[in-house]
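Worksheet: the structure to be examined is printed underneath.
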Amino acid sequence: MDCGIITSKTVLLLLNVIFWAAGGALAYVGSYVIKSYNNFDNFLEDKYTLIPAAIIITVGVVMFIIGTVGCCATLRESKVGLSFFLMILLAMFAAEVAALVFAFIYQGRIKGDLERSMSDVFQKYNGENSETRAVDYLQSQLQCCGVQTYMNWTTTPWFSSSNNTVPISCCKRNNTECTGKLDQPDLLNTQGCEVKLEQLLQDVMSYAMLVILGFAIIKFFGMLSVCVITCKSGRRTGYQTLYV
């Protein structure tokens with residue numbers, strides 16, 4: 001058997017094994033991105049941020065299916081099967097490139113999106129509504145206070161209506177003496193939440209982009225291998241044995 005075909009078959013079989021594992025990995029990454037954004041959706045006006053995650057999950061589900069199709073087509077050297085496999089690889093490659101572009105575009109819009117929405121959400125804090133729960137979760141999880149700094153609370157209705165105190169979620173962890181008074185800065189998280197949330201979302205998007213790029217490169221080599229097998233098989237079947 002031709003060395004090129006053996007190599008290409010090996011690459012494709014390994015690729016299909018990777019597909020089965022990667023399908024689960026992509027589904028996890030997409031779910032992780034959605035969960036990360038849902039935790040802070042009150043601070044994000046642009047819902048198109050979930051498009052990359054939706055594409056990733058869809059691609060992950062499809063990868064489970066094409067792993068089996070790819071194995072059968074590779075072992076049998078079926079032109080129809082390999083052509084179908086190539087079309088699927090091309091479609092998935094295009095989807096991943098689209099997800100990469102969407103992620104890259106939105107990564108540059110995170111800061112502006114947060115600047116527009118965070119101040120409004122903090123202004124609506126009253127200790128009971130959904131904005132309150134969102135702000136408390138944000139401040140306790142990221143260990144921050146206010147938008148740019150803890151002093152931002154002094155311009156909110158909550159500050160004047162609560163004896164000039166900031167929410168308890170501004171207090172440092174495991175600190176029972178904190179009452180939210182501004183004269184206790186050592187007991188408060190003084191760094192603003194905007195920078196920390198922006199960094200978190202940037203990290204999530206960067207992680208997703210690296211995963212997408214990695215799988216796109218793998219599929220590129222998979223498409224090359226399919227082309228090699230198809231071309232070599234075509235040449236081999238094109239010759240007839242002559243008997244004298």
Side-chain angles (χ1 to χ4, degrees), residues 25 27-54 56-57 103-211:
Y28 170 78
V29 170
S31 301
Y32 174 70
V33 173
I34 290 176
K35 181 180 178 182
S36 298
Y37 276 85
N38 282 344
N39 286 337
F40 309 108
D41 61 350
N42 291 78
F43 308 102
L44 297 166
E45 296 178 345
D46 194 349
K47 300 305 178 183
Y48 292 105
T49 57
L50 299 179
I51 290 178
I56 293 174
I57 293 176
F104 181 77
I105 291 173
Y106 184 70
Q107 195 174 35
R109 296 172 56 183
I110 290 177
K111 183 175 178 63
D113 193 14
L114 290 177
E115 287 177 350
R116 289 192 302 270
S117 58
M118 286 191 73
S119 296
D120 292 338
V121 175
F122 274 73
Q123 287 291 329
K124 294 177 182 177
Y125 188 100
N126 64 6
E128 299 176 353
N129 57 14
S130 60
E131 285 81 3
T132 296
R133 291 188 292 273
V135 170
D136 284 338
Y137 179 83
L138 174 71
Q139 293 189 148
S140 60
Q141 288 295 309
L142 300 186
Q143 290 295 282
C144 57
C145 185
V147 181
Q148 283 87 23
T149 172
Y150 75 110
M151 293 300 294
N152 292 142
W153 278 106
T154 60
T155 62
T156 63
W158 165 264
F159 186 78
S160 56
S161 65
S162 61
N163 267 340
N164 296 337
T165 61
V166 298
I168 298 299
S169 56
C170 281
C171 296
K172 293 180 178 178
R173 284 178 181 167
N174 303 321
N175 196 316
T176 56
E177 299 178 2
C178 178
T179 60
K181 290 285 188 180
L182 294 183
D183 58 1
Q184 302 173 311
D186 292 341
L187 304 181
L188 298 173
N189 296 305
T190 57
Q191 185 176 359
C193 296
E194 182 183 327
V195 174
K196 287 194 171 185
L197 181 55
E198 179 188 352
Q199 186 59 54
L200 172 65
L201 298 180
Q202 291 278 9
D203 290 344
V204 169
M205 292 302 292
S206 297
Y207 173 57
M209 288 171 66
L210 285 174
V211 171

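We count residues from 1, following the sequence as given. Worth saying up front: this structure is predicted, and the values here are computed from it rather than measured. As a basis for the values below, the full set of heavy atoms in this structure was taken, side chains included, without hydrogen atoms, waters or symmetry mates.
Note that the NZ atom of K196 and the CG atom of N189 stand 6.0 Å from one another [nearest 0.5 Å]. Between atom CD of residue Q141 and atom OG of residue S169 there is a gap of 11.0 Å, rounded to the nearest 0.5 Å. The distance from atom CG of L188 to atom SG of C171, rounded to the nearest 0.5 Å, is 5.5 Å. Separating the CE atom in M205 from the CG atom in L200 is a distance of 12.0 Å, to the nearest 0.5 Å. Rounding to the nearest 0.5 Å gives a distance of 9.5 Å between CG of N152 and CD of Q123. Put simply, CD on Q191 and CD on Q143 are 11.0 Å apart, with the number rounded to the nearest 0.5 Å.
Side-chain N or O atoms of K124 include none that pairs as donor or acceptor with a backbone N or O of S130 at under 3.5 Å. A donor-acceptor pair under 3.5 Å is absent between the side-chain atoms of N163 and the main chain of T165, judged by distance alone.
Between Q184 and T179, the closest heavy-atom pair is OE1-OG1, 3.0 Å. S160 approaches P157 most closely through the heavy-atom pair OG-O, 3.1 Å. When all heavy atoms of T149 and T190 are compared, the closest pair comes out as OG1-O, 3.6 Å. When all heavy atoms of V166 and Y150 are compared, the pair lying nearest together is CG1-O, 4.3 Å. Shortest non-hydrogen contact noted between R173 and S140 is NH2-O, 3.1 Å. The two residues D136 and Y125 come nearest to each other via the heavy atoms OD1-OH, 2.8 Å.
The closest side-chain donor-acceptor pair between S206 and D203, if any, does not fall under 3.5 angstrom.
Classification of the W153-F122 ring pair by plane angle, with boundaries at 30° and 60°, yields tilted.
Counting heavy atoms from C-beta outward, N126 and E131 have side chains that stay 4.5 Å or more apart. At a threshold of 4.5 Å between non-hydrogen side-chain atoms, the residues L182 and N164 do not count as touching.
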*Please report the C-alpha distance between V135 and L138 in whole Å, then the side-chain angles of each, then the deciding distance to 0.1 Å, and finally whether the side-chain contact (heavy atoms from CB on, under 4.5 Å) criterion is met.*
CA-CA 5 Å; V135 170; L138 174 71; 5.6 Å; no

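A disulfide bond (SG atoms under 2.5 Å apart) check over residues 104-149, counting only residues at least two apart or in different chains, returns the pairs C144-C193, C145-C170.
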